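Structure first, then comments.
Small disclaimer: the values here were computed from a predicted structure and weren't measured. Heavy atoms only: backbone and side chains are in, while hydrogens, waters and symmetry mates are out. To find a chain, count down the sequence lines: A is the first, B the second, and so on, and within it residues start at 1.
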Amino acid sequence: MNPSQRSPFSHRFYADDPLVVAPGLLGALLIHHHPERGLLAGRIVETEAYRGMEDKACHASKGITKRTAPMFGPPGHAYVYLIYGMYEMLNAVTWPEGQPSAVLIRGVEPIAGIERTTNGPGKLTRALGIDRSLNESDLVSGRLIIVPDQIISKDCVETTPRIGVDYAGEWAEKPWRFCVRANPHVSKMPKRRSATV
DNA sequence: GCACGGATTTCC
DNA sequence: GAAATCCGTGCG
C-alpha cells in the first residue's frame, strides 16, 4: 500500500505523554503535500520531547505567549517556529489541550521528492518546504501529516540528552532525545560544555 | 522602545 | 571560535 494513502496517527495518539510519542514517531513518515513541489516525504529517525512548564528547556516554561500558544493547544497540530533568525523548527504538539508539550522532529531520512540533505532540524524543514505558514496546522488532516510506517524495535532506539539546551540546567540532562541507532541521517552530537558543579 | 539571545548551521 | 539574521521576551 502506498504509504501516502495510509491513515495518519490520530489525535488520540498525540494526546499521550511526549516521552511516549517521541520514540513512537521513529520510523514514521513525515509527508508534505507541497503546493508547488508535490509530494515530499521523509522517514523520522530522530526526535526530542519537550514536556510541560516545569521543563526549563521547553518554550512553554515561559508561560503562554503568542509564540508558545500552539504548545498549549490541541494535540496533533504543528508547532513551527523560527530560530536564530534563519531556521524553522517543526514540532508535533502532544498531551491534551492545556498541558503544553511537543515533540521536535530533528532528523529524517529522504523518501520522496527531497533534493538536499535532511540531517538536523533546521535542514529538514528546508528540504521538506516546511515553514511557519504551517504553524498550528493539523498533522492528522492537513497538507503536512505523519503516518505510521516502520516499527522500530526498542533495541534500535538510542536515547541521549537533548541538544542545544545547556542553559536548562538539570533539565538539559534528561535523556529525552530519541534516535534510530546507527542511522546516517541522525544529526551529529555537538560537544557539550562540562557541567559546572 | 531597546537589548538580549536562541530546540542551528556553516565558515574561518 | 564566531557570524548569519529575525523576532519573542523582558524590562524600562
Could you tell me whether the side chain of A:Asn135 and the main chain of A:Val80 form a donor-acceptor pair under 3.5 Å?
-> yes

Shortest non-hydrogen contact between A:Glu136 and A:Pro70, atoms and distance | CG-CG, 3.6 Å

Nearest-0.5 Å distance, CG of residue A:Leu39 to CD1 of residue A:Ile31 | 6.5 Å

Validation: residues 15-23 of chain A side-chain donor-acceptor distances under 3.5 Å, sequence neighbours left out:
| unit_1 | atom_1 | unit_2 | atom_2 | d |
| --- | --- | --- | --- | --- |
| A:Asp17 | OD1 | A:Leu19 | N | 2.7 |
| A:Asp17 | OD1 | A:Arg51 | NE | 3.0 |
| A:Asp17 | OD2 | A:Arg51 | NE | 3.2 |
| A:Asp17 | OD2 | A:Arg51 | NH2 | 2.6 |

Based on Watson-Crick and G-U pairs with both distances under 3.5 Å, what dot-bracket line describes DNA chain C 5' to 3', crossing pairs as [ ] and inter-strand pairs as |?
-> ||||.||||||.

Please round to the nearest 0.5 Å and tell me the distance separating atom CD1 of A:Ile130 and atom CG of A:Leu30.
-> 5.0 Å

Is there a side-chain contact between A:Leu25 and A:Phe178, using heavy atoms and a 4.5 Å cut-off?
-> no

Provide the distance between the two P atoms, one in B:dC2 and one in C:dT5, to the nearest whole Å.
-> 22 Å

Any sub-3.5 Å donor-acceptor pair from A:Ser137's side-chain atoms to A:Ala78's backbone N or O?
-> no

Filtered N/O pairs between nucleotides 10-12 of chain C and protein, under 3.5 Å:
none

A:Val140 backbone acceptor or donor facing A:Asp138 side chain under 3.5 Å = yes

Identify the two heavy atoms, one from A:Pro100 and one from A:Ala60, that lie closest to each other, and give their separation to 0.1 Å.
-> CB-CB, 3.4 Å

Residues that A:Thr68 engages under side chain to side chain donor-acceptor pair (under 3.5 Å), provided they are two or more places apart | A:Thr65

Taking heavy atoms of chain A and a 4.0 Å limit, find me the 5'-most and 3'-most nucleotide of DNA chain B within that range.
-> B:dG6 to B:dT10

Residue pair A:Ala28 / A:Phe9: nearest heavy atoms and the distance that separates them = CB-CE1, 3.6 Å

Residues in side chain to side chain donor-acceptor pair (under 3.5 Å) with A:Arg143, at least two apart?
-> A:His32

Indicate yes or no for a side-chain donor-acceptor contact from A:Arg37 to the backbone of A:Ile114 under 3.5 Å, with no hydrogens or angles considered.
-> no

Looking at residues at least two apart in the chain, or sitting in another chain, which of them share a side chain to side chain donor-acceptor pair (under 3.5 Å) with A:Arg132?
-> A:Glu88

State which residues pass ring pair (Phe, Tyr, Trp, His ring centres under 6.0 Å) with A:Tyr81; sequence neighbours excluded, sorted by chain then number.
-> A:His59, A:Tyr79

Check for a donor-acceptor pair, side chain of A:Arg43 on one end and backbone N or O of A:Gly27 on the other, with a separation under 3.5 Å.
-> yes

Taking every heavy atom of A:Met71 against every heavy atom of A:Ala102, the minimum-distance pair comes out as SD-CB, 3.6 Å

Check DNA chain B against residues 105-116 of chain A and give the residues with a non-hydrogen atom under 4.0 Å, in numerical order.
-> A:Arg106

Kindly state which residues belonging to residues 119-127 of chain A come within less than 4.0 angstrom of DNA chain B, counting heavy atoms of the residue only, listed by number.
-> A:Gly120, A:Pro121, A:Gly122, A:Lys123

Near DNA chain B, under 4.0 Å by heavy atom, which residues of residues 84-96 of chain A?
-> A:Tyr84, A:Tyr87, A:Met89, A:Asn91

Restricting to pairs with a member in residues 151-161 of chain A, which pass side chain to side chain donor-acceptor pair (under 3.5 Å), not counting sequence neighbours?
-> A:Thr160-A:Arg177

Protein-nucleotide distance (A:Ile64, atom CD1; C:dT9, atom C1'), rounded to Å = 15 Å

Would you mind reading off the distance between A:Ile83 atom CD1 and C:dA4 atom P, rounded to a whole angstrom?
-> 18 Å

